[in-house]
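Beneath this line is the structure, given in structure tokens, with notes to follow.
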Amino acid sequence: MVDFELTDEQKLMQKTAHEFAEKEMRPVALEYDKKAEIPWHIVQKAHDIGLDTAFIPEAYGGGGVMSTLTQCVVMEELNWGCAGIATSLIGAGLAYLPIIHMGTDAQKEKFLRRFTGPEAKLGALALTEPDAGSDVAAIATTAMKDGDEWVLNGTKRFITNGGIAELTVAFATVDKSLGWFGLRAFVIEKGTPGMTEGKVEDKMGIRSSHTSEVLFQDCRIPADNMLGGESESAFVGAMKALEASRPVVASGAVGVARAAYEYALDYSRKRKAFGAPIAKKQGIGFLLADMKTKIDAARLLTWRAGWMLDQGMPMNKEASIAKLFAADIAMEVTTDALQIMGGTGYMRDEPVEKWMRDAKVFQIWEGTSQIQRLVISRDEIGEL
Ligand SMILES: Cc1cc2nc3c(=O)[nH]c(=O)nc-3n(C[C@H](O)[C@H](O)[C@H](O)COP(=O)(O)OP(=O)(O)OC[C@H]3O[C@@H](n4cnc5c(N)ncnc54)[C@H](O)[C@@H]3O)c2cc1C
């Protein structure tokens, strides 16, 4: 059975997220992009209506919506509003998703409730290091057991909400010679001595989100703050948690592409050249047709990956296909939208150049487009 109809709950969440994006995010998007600041009042408003905690189980004070497909639907709308603000306000999920996937009941009780109180809190997921980006197995941050504590040392970079997150889930190695299998995940609470913020990045896009280095210098955390236990299977759990976020990230790219497409379509109907709206020129009309087709195809791929995860099916390759395609078309569609708007699109008081800058990050984070191709081609080619 194939069913493309959203449930009533999904439609309601889509509508809520869209209205929030339109009324709250869009009006301040350009201002906060220019200022390169998080609009905290918008993050708090989103929290007040439960947008950031909808995907935390009810048992820990969240909305209890445990569907990846629904997350995809919501993420498209929020990124349609502003990818930078969306990155900030769903930032709690960077920390709480690994905790949901890998945490014990006691860890969930202890940590998830930190996000479901009256005040909006952000989360961070710290994987990337100066010498370990795509090559996650090269992570050099160490975790050494000392009595009933773990001691972390190392440098993380390009961390969303780095230094300002209520909770940071950081990956470190317990034994570098084990590569991938030496990696473990740890929860570090804000204010823990030994964890400090390093360089704050000045970014090309998603500028209303915060990205910085996170430095660990003899940072001591309770042994209970390790996620997934000490066995090698903890690494597998961590990878599953990351796999689960790929369709959701892909949906963000669809949202940015759709924002640019709709704007360019509207402009092409109004803008006249050679005595007629430019939309009447076949060169523009065909471009719009291609943009629309790419967006619809990307959305279907993200929904498929999200749906497969919700069914408990293996979806590593499908998640990569969705992320690769959605990120690449977001870059193409935003570039074409700017082209349709000519010089007007190039100017900073119009949103299309921002959407083009925002789109680029989707080809880089959560696995670059090359890494997604690696995952897909390895699976297709198999053992030789
Ligand atoms: C705005 C922003 C926010 C981010 N937020 C976070 C965060 O919250 N947490 C976090 O941990 N990280 C975060 N990142 C980091 C991001 O995940 C990494 O930048 C990404 O994984 C790529 O790593 P790298 O930058 O070190 O590039 P590298 O891995 O050095 O790659 C450089 C180039 O080489 C290519 N390449 C690498 N290996 C291969 C290969 N085997 N085959 C073909 N090509 C290859 C890459 O595709 C890329 O084009 C963020 C990045 C940005 C830009």
Side-chain angles (χ1 to χ4, degrees), residues 33 36-38 79 82-98 122-141 152 154-173 179-180 183-188 195 197-216 227 238-239 241-243 245-246 248-250 252-253 256 319-320 323-324 327-328 330-331 354 356-379 381:
D33 174 72
E37 279 174 19
I38 296 177
N79 279 270
C82 172
I85 304 175
T87 301
S88 296
L89 70 84
I90 53 87
L94 291 166
Y96 75 61
L97 285 177
L122 303 181
L125 179 72
L127 266 174
T128 306
E129 299 183 356
D131 294 317
S134 302
D135 186 5
V136 178
I139 280 180
T141 296
L152 267 56
T155 298
K156 298 287 176 183
R157 73 165 176 176
F158 304 157
I159 306 306
T160 301
N161 298 332
I164 60 170
E166 181 70 5
L167 297 179
T168 299
V169 173
F171 284 71
T173 180
W180 284 101
L183 296 181
R184 300 289 182 273
F186 302 87
V187 183
I188 303 108
M195 178 174 73
E197 186 176 19
K199 181 183 172 218
V200 177
E201 302 295 343
D202 182 13
K203 303 189 294 291
M204 168 185 176
I206 57 161
R207 289 172 56 77
S208 43
S209 69
H210 178 90
T211 314
S212 74
E213 276 183 334
V214 177
L215 315 175
F216 295 109
L227 292 175
M239 290 305 108
L242 295 178
E243 190 179 284
S245 65
R246 243 178 294 151
V248 183
V249 173
V256 176
S320 285
K323 162 74 169 55
L324 169 64
D328 284 357
M331 204 60 238
K354 170 188 178 295
M356 191 174 157
R357 287 186 283 111
D358 288 349
K360 185 63 199 172
V361 81
F362 291 93
Q363 291 181 313
I364 297 170
W365 65 8
E366 292 270 331
T368 65
S369 290
Q370 286 76 20
I371 295 303
Q372 306 307 336
R373 287 186 169 89
L374 206 67
V375 172
I376 300 161
S377 61
R378 270 190 190 148
D379 187 272
I381 295 164

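For ligands, and for the atoms within them, numbers begin at 1 and follow the listed sequence. The shown structure was predicted, so the numbers you read here are calculated from the model rather than taken from an experiment. Note that these values count all heavy atoms, side chains included, but never hydrogens, waters or copies made by symmetry.
For atom 46 (C) of ligand 1, the candidate residues are Ile139, Thr368, Leu374; the nearest heavy-atom contact is made by Thr368. Considering each of Val361, Ile371, Asn161, Leu242, the one bringing a non-hydrogen atom nearest atom 52 (C) of ligand 1 is Val361. Nearest residue to atom 36 (N) of ligand 1 from Ser134, Ala126, Gly367 is Ser134 (criterion: closest heavy atom).
Lys323 places a side-chain N or O within donor-acceptor distance of the main-chain N or O of Phe362, the cut-off being under 3.5 Å. With Thr173 contributing its side chain and Ile139 its backbone, the two residues share no donor-acceptor pair below 3.5 Å. Judged by distance alone, with hydrogens and angles left aside, the side-chain atoms of Asn79 form no donor-acceptor pair with the main-chain N or O of Ala253 at under 3.5 Å. The backbone N or O of Gln363 sits nowhere less than 3.5 Å from a side-chain atom of Gln372 that would complete a donor-acceptor pair. At least one donor-acceptor pair closer than 3.5 Å links the side chain of Lys156 to the backbone N or O of Leu127. A side-chain donor-acceptor contact under 3.5 Å links Ser212 to the backbone of Gly162.
Atom numbering of ligand 1 starts at 1 in the shown order; those under 4.0 Å from a heavy atom of Leu127 are 10 (C), 11 (O). Within ligand 1, counting atoms from 1 as listed, the ones closer than 4.0 Å to a heavy atom of Leu125 are 7 (C), 8 (O), 9 (N), 10 (C), 11 (O). Applying the 4.0 Å criterion to heavy atoms of Ile206 picks out, from ligand 1, the atoms 1 (C). With ligand atoms numbered from 1 in the order given, ligand 1 contributes 1 (C) to contacts under 4.0 Å with heavy atoms of Lys203. Atom numbering of ligand 1 starts at 1 in the shown order; those under 4.0 Å from a heavy atom of Ile159 are 7 (C), 8 (O), 9 (N), 10 (C), 11 (O).
Checked by distance only, ligand 1 and Trp365 stay at 3.5 Å or farther apart across all their nitrogen or oxygen atoms. Checked against a 3.5 angstrom limit, the closest N/O atoms of Gln370 and ligand 1 fall inside it. In terms of polar-atom proximity, Phe158 is counted as a contact of ligand 1, with an N or O under 3.5 Å from an N or O of the ligand.
Among protein heavy atoms, atom 8 (O) of ligand 1 sits closest to Thr160 N, 3.0 Å. Counting only heavy atoms of the protein, atom 26 (O) of ligand 1 lies nearest to Gly133 CA, 3.2 Å. Summary of contacts: the protein heavy atom closest to atom 12 (N) of ligand 1 is Thr128 OG1, 2.7 Å.
A salt bridge does not link Arg207 to Asp358: none of the charged side-chain nitrogens sits closer than 4.0 Å to a carboxylate oxygen.
Under the 4.0 angstrom criterion, atom 5 (N) of ligand 1 counts as having a protein heavy-atom contact. In this structure, atom 32 (C) of ligand 1 has its sub-4.0 angstrom surroundings free of protein heavy atoms. By the definition of a contact as any protein heavy atom under 4.0 Å away, atom 42 (N) of ligand 1 is not in contact.
Side-chain N/O atoms of Glu129 and Thr141 include a donor and acceptor closer than 3.5 Å.
Atom CG of Asp131 has 12 or fewer neighbouring heavy atoms from other residues, nucleotides or ligands inside a 6.0 Å radius.
For the pair His210 and Ser88, the tightest heavy-atom approach, listed with the atom from each and the gap, is N-OG, 4.5 Å.
Distance check, rounded to the nearest 0.5 Å: CG of Asp33 to CZ of Arg357 gives 4.0 Å.
Ligand 1 lies within reach of Ile364, whose nearest heavy atom is under 4.0 Å from it.
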